[in-house]
Amino acid sequence: PVGTPPQNVSMVIDTGSELSWLRCNRSSPGTNPTQNPNKFDPTRSSSYSPIPCSSATCRTRTRDFLIPASCDSDNLCHATLSYADASSSEGNLASEIFHIGSSNISGLVFGCMGFVSGSDPEEDNKTTGLLGMNRGSLSFISQMGFPKFSYCISGSSDLSGVLLLGDANFSWLGPLNYTPLIQISTPLPYFDRVAYTVQLTGIKVDGKLLPIPESVLRPDHTGAGQTMVDSGTQFTFLLGPVYTALRDEFLNRTSGILPVYEDPDFVFQGAMDLCYRIRPALTGIFRRLPTVTLVFEGAEMAVYDEPLLYRVPHLAVGNDSVYCFTFGNSDLLGIEAYVIGHHHQQNMWIEFDLERSRIGLARIQCDVSSQRLGIGS
Ligand SMILES: *[C@@H]1O[C@H](CO)[C@@H](O)[C@H](O)[C@H]1NC(C)=O
Ligand SMILES: *[C@@H]1O[C@H](CO)[C@@H](O)[C@H](O)[C@H]1NC(C)=O
Ligand SMILES: *[C@@H]1O[C@H](CO)[C@@H](O)[C@H](O)[C@H]1NC(C)=O
Ligand SMILES: *[C@@H]1O[C@H](CO)[C@@H](O)[C@H](O)[C@H]1NC(C)=O
Ligand SMILES: *[C@@H]1O[C@H](CO)[C@@H](O)[C@H](O)[C@H]1NC(C)=O
Ligand SMILES: *[C@@H]1O[C@H](CO)[C@@H](O)[C@H](O)[C@H]1NC(C)=O
Ligand SMILES: *[C@@H]1O[C@H](CO)[C@@H](O)[C@H](O)[C@H]1NC(C)=O
């Protein structure tokens, strides 16, 4: 809930961006407003406070801002945000009360966006906005000053996912495997210094390490080649040479199991070009697929079974469905980084420990974790 009186909002948790924002819809004066669950109406909140462009907050530079924030005709701070997937939004910076658990946090800076252009309007419509969780000064987590947060992203829409702000006793979880966050103090053109960057050291397919030189997995002198844990991106993207090595090995090991979808012009979401035809009766096939393991310093992330393939919506070949391998080629997207998306973070407990500059991982079913934390059913 946000504002006074509180309005319910739903927000996408995005570890890859900084400024939180809500889709705002000002009701016209004199009308009897009813809440649209996917919009926040600032005119109905007595605690809503737009930020003037004379404020220092308006001069904050973040990577989300396409251009520095500017002054609108009412002398309010106007921001335009843009993301790697070409979506964007535009509106005013403001501060509000966010009601989190039993506390009311006032003065939280967010963007009240009048214009939102997403890559998937149907999907965007399901939420009111975005919760910026990276390490930049305007992010939700920085403004709140939490030393750590954790989440579990459930594999289905059964609402068993968990976002935990701060710490809790999770001795039931067993020890987490930690990998350090990588920091580079000098600004480099391609390096996002407020992202959650980890060091990928290799990729295994059914336990066999792909022959990838470690140097291609490290950021170069321009900052290109960092590995980001980004809950705001769906799939996982690897730089060209690494993607090709993984694709070749996966293809080799699935050759007797699944027929490839041979259409040279088809590339799913612009970056995923290894797709298969699957007959309706063949859905149990997922368990026979090889396991892909992302290896980090000190921790691993194994991807197996259903999350390896994603069904292309609205595409069929005869009676077959088309499924694509859920790793894509960063080069085809024009991004200079390895990005670990939320699809591969499903059913893992992931702790972002800002205080000790590390990320902890453990495999768990989210419904188990929500039961142990005493939330949900
Ligand atoms: C917000 O959601 C809670 C829990 O679902 C519900 O009890 C409450 O009535 C909702 N409030 C508004 C203003 O819709
Ligand atoms: C804004 O909210 C009003 C109700 O308060 C609704 O009638 C109108 O359609 C909404 N506008 C948009 C663009 O969603
Ligand atoms: C928090 O805000 C809600 C809604 O405005 C109010 O009912 C509640 O009393 C507030 N709680 C505290 C601790 O201020
Ligand atoms: C978004 O939601 C609104 C209101 O619920 C609906 O009228 C509109 O058709 C939806 N748009 C899309 C693209 O789903
Ligand atoms: C955590 O919970 C376990 C039981 O679930 C208990 O034995 C342990 O003492 C607790 N640890 C802390 C630090 O509270
Ligand atoms: C898979 O790789 C092995 C070892 O390089 C090779 O001998 C085999 O022919 C390949 N199989 C296919 C179907 O490409
Ligand atoms: C598709 O399925 C229908 C109904 O099960 C069947 O009659 C038909 O032969 C199938 N077509 C192909 C190309 O397999």
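Sequence positions, counted from 1, serve as the residue numbers for this chain. Here the structure is a predicted model, which is why all the values come from computation and not from measurement. As the structure lists them, so they are numbered: ligands from 1, and atoms in each ligand from 1.
Looking only at heavy atoms of the protein, atom 13 (C) of ligand 1 is closest to P6 O, 3.8 Å. Atom 11 (N) of ligand 7 has N319 ND2, 3.0 Å as its closest protein atom, hydrogens excluded (heavy atom only). Closest to atom 14 (O) of ligand 1 among all protein heavy atoms lies N8 ND2, 3.4 Å.
Cation-pi geometry between R277 and Y261 is not met at under 6.0 angstrom from the ring centre and within 45 degrees of the axis.
Close approach of ligand 6 to S255 (heavy-atom distance below 4.0 Å) involves ligand atoms 13 (C).
A 4.5 Å side-chain heavy-atom check between M133 and L131 finds at least one atom pair inside the cut-off.
C53-C58 SG separation is not under 2.5 Å; the pair is not scored as a disulfide.
In this structure, atom 9 (O) of ligand 7 has its sub-4.0 angstrom surroundings free of protein heavy atoms. Using a 4.0 Å threshold on non-hydrogen atoms, atom 5 (O) of ligand 1 does not count as touching the protein. Per-atom contact check: atom 2 (O) of ligand 7 touches the protein, criterion being a heavy-atom distance below 4.0 Å.
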Derivation and outcome, side-chain contact (heavy atoms from CB on, under 4.5 Å), residues S330 and E336: CA-CA 7 Å; S330 297; E336 315 288 338; over 6 Å; no
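Considering T254, D248, N252, L251 only, the shortest heavy-atom separation from atom 12 (C) of ligand 6 involves N252.
Taking the ring centroids of Y243 and F250, they lie at or beyond the 6.0 Å cut-off.
When F325, F327, Y310 are each tested for a ring-ring contact (aromatic ring centres under 6.0 Å, His included) with F235, only one passes: Y310.
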